[in-house]
**Q** 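Dropping the structure in here first, questions after.
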Amino acid sequence: MKVIFMGTPHYGAIVLNKLIESKHQVVAVVCQPDKPVGRKQILTPPETKVIAKEHNIPVYQFNKIRIDGVETLKSIDADIMVTAAYGQILSQEILDITKFGVYNVHASVLPKYRGSSPIQWSLINGEKEIGVTILKTLAGLDNGPILLTESMPISDDDTVESLMQKLGEIGAELMVKALDMLENGKYELKEQNEDEMTYFPMLKKEKSNIDFSKTSREVFNFVRGMAEWPVAVTNVCGNVLKVYSATPVSYLAEREYEAGEVVCATSKLGLIVKCGEGYVRLNDIQPQSSKRMKDTDFLNGKKIPVGTKLLDVEFN
RNA sequence: CGCGGGGUGGAGCAGCUGGCAGCUCGUUGGGCUCAUAACCCAAAGGUCACGAGGUUCGAAUCCCGUCCCCGCAA
């Protein structure tokens, strides 16, 4: 089949690579415009664009696809459109352009975890399983009928990054399979059960404060779910501390501590904080105006008194 | 010229109202302990980002220029 691929970041790139390897033909790649990255604001092309160029596939980058993309897409001779983390909402007009319409790879077992950050939310909520769904895109949000689903367990070692990689690979295979099925006409679309639907919004920086009144396990999950972006934060003596990793630890405290109080801060043991239940060690952190480092390194240069209360960071 | 922080032994930092380069950790060697997230002793390791720059009797510290790193904002 002739496929128009729409996707932007790494997760999409995994799928794109697989499609290119398959017997199907990727006739065009659509991705978000190049974005200025970093302090230097260097224009950086999305990963999918780079791959497309390597394979001499035409690339299209629309500012607003529903407005400036329609005519172009219509002019491309394709059977189907495939989306994988594209980053823009498609209009009904676009959904109708190709014979088979649009199919999407979503990183959850729908109808659970609709929304843009299923991997992150699955981690934050402490799910034991996650998966990939191939669905037909309708006008609504991740609500189309399901073609294929595959689930996999989440382990304590998993991070947003590792899951993205694994799910990207699973999703890539499923998508190729889906294209085969569609081409052969042997497939069945199953409507989603709206009663079982759950939806989670985009993550926000304003909601990145760690709530230490939760259990150490919940803090651990929150931190790893946020680790890629926007990164969990807490306020240490007036300074923002980004936390990339917090692991539950057992600790013998000399006295009772409140949730959010520093229980131990030595360069041997690390930075240990009391939670609503149990303790966590903030072992991979980034102090304000500084680089990412281990807690033990941080404590070599900075002394934090035991009993210091970690507060919320205020965002303006 | 978006705003701000910073470049000091392997790591993280202090020193910056000029005057012998310091702290915590790591490393190496030795000691103690049934044992340790423990402790004791000793050692190695730095042209203080760069500039045959400026000021000075003297600069890590003050001035000038350059480069690099980081946070915020996007």
Side-chain angles (χ1 to χ4, degrees), chain A residues 8-10 31-49 61-65 85-89 116-117 120 156 160-161 201-210 216 219-220 222-224 226-257 261-275 277-308 310-316:
Chain A
T8 303
H10 181 62
C31 60
Q32 296 276 44
D34 294 5
K35 287 247 171 77
V37 169
R39 212 173 352 269
K40 294 273 173 65
Q41 300 288 284
I42 298 166
L43 271 187
T44 309
E47 193 175 336
T48 45
K49 179 180 179 179
Q61 297 171 286
F62 306 111
N63 285 317
K64 290 202 172 163
I65 192 167
Y86 169 49
Q88 289 194 40
I89 308 276
S116 60
S117 313
Q120 288 83 340
D156 280 3
V160 172
E161 196 186 2
M202 260 199 273
L203 298 173
K204 282 195 181 138
K205 191 182 297 193
E206 292 73 27
K207 301 215 171 154
S208 58
N209 273 298
I210 298 173
S216 58
V219 171
F220 161 70
F222 179 76
V223 168
R224 65 176 173 150
M226 301 286 277
E228 207 74 8
W229 190 90
V231 186
V233 295
T234 191
N235 178 339
V236 182
C237 307
N239 294 309
V240 178
L241 188 74
K242 285 191 178 180
V243 183
Y244 289 90
S245 163
T247 50
V249 290
S250 56
Y251 183 78
L252 287 176
E254 293 170 6
R255 64 175 172 88
E256 283 288 307
Y257 288 92
E261 278 188 331
V262 172
V263 164
C264 166
T266 66
S267 48
K268 297 259 191 200
L269 299 184
L271 184 57
I272 300 175
V273 183
K274 178 80 174 78
C275 297
E277 185 190 321
Y279 302 87
V280 284
R281 174 173 165 198
L282 312 181
N283 49 344
D284 186 358
I285 58 184
Q286 179 165 23
Q288 192 167 327
S289 300
S290 186
K291 56 178 115 172
R292 185 170 167 178
M293 62 183 77
K294 291 183 286 185
D295 57 342
T296 48
D297 287 340
F298 172 64
L299 292 167
N300 273 334
K302 180 116 187 163
K303 289 184 180 63
I304 299 194
V306 166
T308 300
L310 302 186
L311 306 169
D312 280 356
V313 175
E314 285 177 29
F315 298 96
N316 15 350

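All heavy atoms count here, side chains included; hydrogens, waters and symmetry mates do not. So you know, we letter chains A, B, ... as the sequences are listed, proteins then strands, and number each from 1. Everything numeric here is computed off the predicted structure, so don't read it as measured data.
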**Q** Can you measure Lys204(A) atom NZ to A73(B) atom C1' for me and round it to whole angstrom units?
**A** 18 Å
**Q** Would you mind classifying the nucleic acid contact of Lys242(A) as base, sugar-phosphate or nothing, using non-hydrogen atoms under 4.0 angstrom?
**A** sugar-phosphate
**Q** Given that Gln288(A) and Lys302(A) both sit by RNA chain B, which one's nearest nucleotide is further toward the 5' end?
**A** Lys302(A)
**Q** How far does the C1' atom of G53(B) sit from the matching atom of G12(B), given to the nearest Å?
**A** 32 Å
**Q** Can you check the distance between U66(B) and G26(B), where both ends of the measurement are the P atom (answer in whole Å)?
**A** 41 Å
**Q** Checking contacts here: which listed nucleotide (G12(B), G71(B), C23(B)) is nearest the side-chain heavy atoms of Lys303(A)?
**A** C23(B)
**Q** Just N and O in the side chain of Gln286(A): are any of them under 4.0 Å from OP1 or OP2 of C70(B)?
**A** no
**Q** Considering only atom P, compute the distance from A60(B) to G9(B) and round it to an integer number of Å.
**A** 14 Å
**Q** Take atom NZ of Lys291(A) and atom P of C69(B), then tell me their distance rounded to the nearest Å.
**A** 10 Å
**Q** Provide, to the nearest angstrom, the distance between the CZ atom belonging to Arg292(A) and the C1' atom belonging to C69(B).
**A** 16 Å
**Q** Rounded to whole angstrom, note down the P distance from C63(B) over to G19(B).
**A** 15 Å
**Q** I need the CD-P distance between Glu206(A) and C72(B), as an integer number of Å.
**A** 13 Å
**Q** What's the closest nucleotide to the Ser290(A) side chain, out of C13(B), A37(B), C70(B)?
**A** C13(B)
**Q** Taking the C1' atom of each, how far is G46(B) from C57(B), in whole Å?
**A** 25 Å
**Q** Distances for protein N/O vs nucleotides 25-28 of chain B N/O pairs under 3.5 angstrom?
**A**
residue : atom : partner   : partner atom : Å
C25(B)  : O4'  : Asn300(A) : OD1          : 3.0
G26(B)  : OP1  : Lys268(A) : NZ           : 2.9

**Q** Report the base-pairing partner of C72(B) (Watson-Crick or G-U wobble, both distances below 3.5 angstrom), or none.
**A** G2(B)
**Q** Measuring only the P atom in each nucleotide, how far is G30(B) from C16(B)? A whole number of Å is fine.
**A** 40 Å
**Q** Suppose we screen for side-chain contact (heavy atoms from CB on, under 4.5 Å). Which residues come up paired with Lys205(A), at least two apart in sequence or across chains?
**A** Ser208(A), Pro230(A), Phe315(A)
**Q** Run the ring-ring contact (aromatic ring centres under 6.0 Å, His included) test against Tyr244(A) and tell me which residues pass, sequence neighbours left out.
**A** none
**Q** Holding to salt bridge (Lys or Arg N to Asp or Glu O under 4.0 Å), I want the full list of residues that pass it with Lys274(A), two or more places apart in sequence or in another chain.
**A** none
**Q** Evaluate side-chain contact (heavy atoms from CB on, under 4.5 Å) for Ile272(A) paired with Val280(A), printing each intermediate quantity in order.
**A** CA-CA 6 Å; Ile272(A) 300 175; Val280(A) 284; over 6 Å; no
**Q** Expressed as a whole number of angstroms, how long is the span from Leu299(A):CG to C23(B):C1'?
**A** 14 Å
**Q** Taking atom C1' in both C13(B) and A21(B), what distance in whole Å separates the two?
**A** 14 Å
**Q** Counting heavy atoms from C-beta on, name the nucleotide in C72(B), A11(B), C13(B) closest to the side chain of Asp297(A).
**A** A11(B)
**Q** With both distances kept under 3.5 Å, what pairs with A42(B), Watson-Crick or G-U wobble?
**A** U28(B)
**Q** Nearest to the Met293(A) side chain among C23(B), A37(B), G12(B), which nucleotide is it?
**A** G12(B)
**Q** If I take atom CG in residue Asn239(A) and atom P in nucleotide C72(B), what distance separates them, rounded to the nearest angstrom?
**A** 13 Å
**Q** Once side-chain contact (heavy atoms from CB on, under 4.5 Å) is applied, do any residues pair with Asn300(A), and if so which ones, sequence neighbours excluded?
**A** Ser267(A), Asp297(A)
**Q** Does this structure show an ion pair linking Arg281(A) with Asp295(A), if we count only N-O contacts that are shorter than 4.0 Å?
**A** yes
**Q** Does atom CD1 (Ile89(A)) have a neighbourhood of more than 12 heavy atoms from anything else shown, all under 6.0 Å?
**A** no
**Q** Taking only residues two or more places apart in sequence or in another chain, which ones pass salt bridge (Lys or Arg N to Asp or Glu O under 4.0 Å) with Asp312(A)?
**A** none
**Q** If I pick the C1' atom on G6(B) and the same atom on G15(B), what distance separates them, to the nearest angstrom?
**A** 15 Å
**Q** Quiz question: by atom type and distance under 3.5 Å, do the side chains of Gln61(A) and Gln32(A) form a donor-acceptor pair?
**A** no
**Q** Rounded to whole angstroms, how far apart are OH on Tyr251(A) and C1' on U36(B)?
**A** 14 Å
